Amino acid sequence: MSLVASAGGHSYLHAGKGFSIPKPKRYKLGPRAALVEASPRVNGSPSHMSMQLLPYGRAEDLQAEARALARAVGASVYSPELLSSKYGSRPVKAVKRTLEILVGLGFFAFKLFLDQKNGTSDQNKRKRAAELRTIFTRLGPTFVKLGQGLSTRPDLCPPEYLEELSQLQDSLPTFPDADAFLCIETELGLPLDSIFSAVSPAPIAAASLGQVYKARLKNSGQTVAVKVQRPGIEETIGLDFYLIRGLGFFINKYVDIITTDVVALVDEFARRVYQELNYVQEGQNARKFKMLYADKEDILVPDIFWDYTSGKVLTMEWVDGVKLNEQAAIERQGLKVLDLVTTGIQCSLRQLLEYGYFHADPHPGNLLATPEGKLAFLDFGMMSETPEEARFAIIGHVVHMVNRDYEAMARDYYALDFLSTDVDVSPIVPALRDFFDDALSYTVSELNFKTIVDGLGAVLYQYPFNVPPYYALILRSLTVLEGLALYADPNFKVLAASYPYFAKRLLTDPNPYLRDALIELLFKDGRFRWNRLENLLVQGSKDRDFSAKDALQPVLKLLLGPDGEDLRTLVIKEAVRVTEAVILGSVVDTYNSVPSFMRTLMFNGNGPLAMSSAELQSMMELRGQVFRIWGLLRSSESFDPALLQPILQVLQQPEARSLGGCVVGGITQRLAARLLQQVLRMPSAPAPTSS
């Protein structure tokens with residue numbers, strides 16, 4: 001079994017036949033690592049540590065969380081003013097660190113200058129990106145985090161830099177175990193041996209912000225992961241952000257080529273990093289994530305043990321599992337990587353487009369395959385949210401992309417908060433057309449998500465876009481998931497796996513924005529596109545949460561509502577076409593079932609209908625599509641004839657009766673015209689010959 005734990009942004013694998021937890025040498029933890037039922041006593045009184053075994057939402061658990069919050073009351077928060085006051089009065093330390101940064105980045109900038117002067121910028125772009133990744137790693141945790149943040153900003157970095165910086169890994173040495181154990185005792189206010197019956201003698205995972213130990217709770221015997229913050233980390237990142245922010249002021253004032261507010265970007269990113277330093281906040285993030293998404297049986301989120309958690313110590317349920325990029329190890333457990341990746345994609349879409357609260361760092365080390373086949377999420381230090389308006393705009397954006405409506409795609413960037421409303425989007429439309437016309441020449445199942453992200457990133461880099469963090473982060477997470485799947489199946493496409501979710505939302509969501517997007521998708525030039533509806537139903541039915549009962553209900557409500565007049569006009573025309581196709585199709589079926597000699601007697605060798613073969617074929621195809629769509633609805637597990645009852649009820653409304661009268665009138669006219677054509681086409685009887 002392979003065991004993985006996460007430590008402040010990256011996870012590390014500990015492999016072996018088994019993993020025991022030896023006793024730390026400097027602490028006496030009892031004769032052996034075993035289950036201990038007795039509750040520990042603190043100052044002669046029983047403690048309430050066993051409360052952590054209660055389910056989430058219980059009063060005792062909430063009280064334990066409140067105590068953890070009280071222990072973290074002094075946790076640092078990002079304040080530019082406090083940093084300026086602190087380090088402005090310590091010029092020697094600031095200058096020393098500034099020189100370290102300037103030596104690393106200055107030499108890199110000089111190389112960029114030479115590339116530009118020699119005309120080799122494009123040729124050396126990949127090489128320079130790799131060099132920048134190495135420099136950031138050498139400069140320490142702040143710059144590692146900064147590089148990881150830049151790897152999600154296609155509006156700031158060319159594609160080559162995005163790819164290199166996304167590979168940044170923390171590579172700092174571990175700090176002494178004695179310091180970690182002292183931190184645990186200080187933060188929790190208890191001796192180590194009163195909390196744990198055993199602790200691993202060395203960290204099983206380490207990263208820039210902290211390191212993780214495997215331990216066993218003394219009161220319950222439950223195995224846990226204990227994350228301990230790196231000593232002095234606040235001092236390190238505080239000084240770095242003070243200096244970087246000063247550089248941001250310089251860039252805003254003197255570098256005209258960069259239109260983004262660099263100081264605002266630094267402040268936003270610094271706040272996120274400081275949030276990662278508050279482990280109680282991370283625990284709360286995990287609790288919220290579990291509440292929203294762990295309702296699915298194939299998703300696992302570890303529980304938090306609040307009585308053993310503080311601002312610098314986080315104790316959570318230990319998860320046995322294998323990193324998602326360890327395909328061979330996963331398959332040895334009888335699991336399939338593609339199944340796990342598909343689960344991850346569906347969960348990511350729910351995070352992005354349903355609740356808007358999502359995991360902002362879903363790299364392979366934070367996604368584990370458990371022996372039971374579940375996908376486990378770890379490390380909740382960095383989370384983000386999608387604004388409600390943007391959630392629906394993203395789905396509409398996908399619809400516009402499929403329809404190749406590039407003008408609407410460009411306007412979507414207002415709702416997505418990519419552009420301010422005073423920016424003219426007309427120059428962007430040709431760039432979108434040039435890229436997507438080529439990309440969309442493939443079917444959805446052939447589209448590579450990374451190709452689209454890279455191409456869209458190139459467009460964003462050329463124009464005055466300001467990509468919101470939520471959008472860049474979700475693009476990155478889906479790209480990571482597709483990359484993991486490609487290890488197992490080179491033909492896997494994340495868009496094909498995502499499309500059922502989009503189809504389900506379009507068909508069932510009552511939101512006005514999505515309802516309008518569905519109508520836009522189904523109607524074009526006054527005609528209903530039955531093939532699009534059939535495809536949506538085929539794809540939507542692949543989503544496990546799809547319900548035939550809810551499909552098309554939002555459109556029906558609009559159709560019979562006060563604002564549905566234009567839609568009713570289109571539906572009347574289409575209803576007449578469909579009814580005619582069903583009736584005349586039945587006539588054709590009846591005609592074909594009659595013996596040939598009777599056809600000759602009845603129709604004198606002509607067909608039953610006065611129409612061309614092309615027109616007849618088109619009508620029969622329409623009838624076939626309608627019957628297939630009905631079959632798709634009936635084949636749904638949630639299908640119930642009672643779902644037609646709301647339709648029958650709304651048909652009693654005045655608007656519906658008027659609509660029905662128009663349909664009946666239209667059908668009558670069409671059938672009368674067909675009958676007249678048939679009569680006029682029939683040859684007249686030959687005149688009798690005189691004898």
Side-chain angles (χ1 to χ4, degrees), residues 152-156 259-261 349 352-354 356 384-441 444 447 449 451-475 478 495 498-499 501-503 505-507 509-527 529 532 536 554-555 558 563-567 570:
T152 67
R153 298 303 300 256
D155 54 332
L156 298 179
T259 58
T260 304
D261 186 346
L349 291 171
L352 172 66
L353 300 174
E354 286 186 24
S384 189
E385 296 191 46
T386 310
E388 184 176 11
E389 182 183 7
R391 296 177 217 164
F392 303 116
I394 290 171
I395 298 178
H397 197 60
V398 172
V399 173
H400 295 147
M401 182 184 74
V402 172
N403 280 345
R404 302 183 186 231
D405 188 347
Y406 303 120
E407 289 80 8
M409 281 185 70
R411 291 192 298 271
D412 288 336
Y413 294 128
Y414 294 136
L416 291 170
D417 202 24
F418 278 35
L419 298 168
S420 60
T421 53
D422 58 344
V423 175
D424 180 18
V425 296
S426 56
I428 301 169
V429 174
L432 292 173
R433 180 178 291 108
D434 290 343
F435 171 70
F436 281 106
D437 271 348
D438 181 55
L440 295 177
S441 61
V444 172
L447 274 174
F449 188 75
T451 300
I452 286 187
V453 171
D454 289 346
L456 185 58
V459 173
L460 299 179
Y461 185 66
Q462 295 172 15
Y463 293 94
F465 284 95
N466 180 31
V467 179
Y470 73 85
Y471 190 82
L473 289 169
I474 204 67
L475 288 183
L478 292 176
L495 282 180
S498 305
Y499 200 61
Y501 177 87
F502 283 96
R505 288 292 300 275
L506 276 175
L507 288 169
D509 200 303
N511 179 268
Y513 191 100
L514 298 186
R515 181 194 62 200
D516 293 344
L518 175 62
I519 293 171
E520 179 183 337
L521 182 67
L522 296 180
F523 286 92
K524 184 177 183 180
D525 299 329
R527 297 294 293 270
R529 296 188 283 187
R532 285 287 174 89
L536 283 175
V555 176
L558 173 65
D563 299 326
E565 184 175 351
D566 293 337
L567 181 61
L570 295 174

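Here the structure is a predicted model, which means the values were calculated and not measured. Residues: numbered from 1 along the sequence shown. All values below come from the heavy atoms of this structure, side chains included, with hydrogens, waters and symmetry mates left out.
Applying the side chain to side chain donor-acceptor pair (under 3.5 Å) test to T421 and every residue at least two apart in sequence or in another chain returns nothing. By the side chain to side chain donor-acceptor pair (under 3.5 Å) test, E389 is found to be paired with no residue, residues two or more places apart in sequence or in another chain being considered. For P387, the side-chain contact (heavy atoms from CB on, under 4.5 Å) partners two or more places apart in sequence, or in a different chain, are A390, Y470. E388 is linked by a side chain to side chain donor-acceptor pair (under 3.5 Å) to nothing, counting only residues two or more places apart in sequence or in another chain.
Considering only heavy atoms from C-beta on, D509 comes within 4.5 Å of F392 through its side chain.
From D405, atom CG reaches atom CZ of R433 across 9.5 Å, with rounding to the nearest 0.5 Å. Note: T386 OG1 to D417 CG = 12.0 Å, rounded to the nearest 0.5 Å.
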Do any side-chain atoms of residues 425-432 form donor-acceptor pairs under 3.5 angstrom with protein atoms, and if so which ones, sequence neighbours left out?
{"from": "S426", "atom 1": "OG", "to": "D424", "atom 2": "OD1", "distance (Å)": "3.0"}
{"from": "S426", "atom 1": "OG", "to": "D424", "atom 2": "OD2", "distance (Å)": "2.7"}

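Between the side chain of H397 and the backbone N or O of A393 there is no donor-acceptor pair closer than 3.5 Å.
Residues E354 and R391 share a closest heavy-atom pair of O-NH1, 3.0 Å. When all heavy atoms are compared, the tightest approach of R505 to L353 is NH1-O, 2.9 Å.
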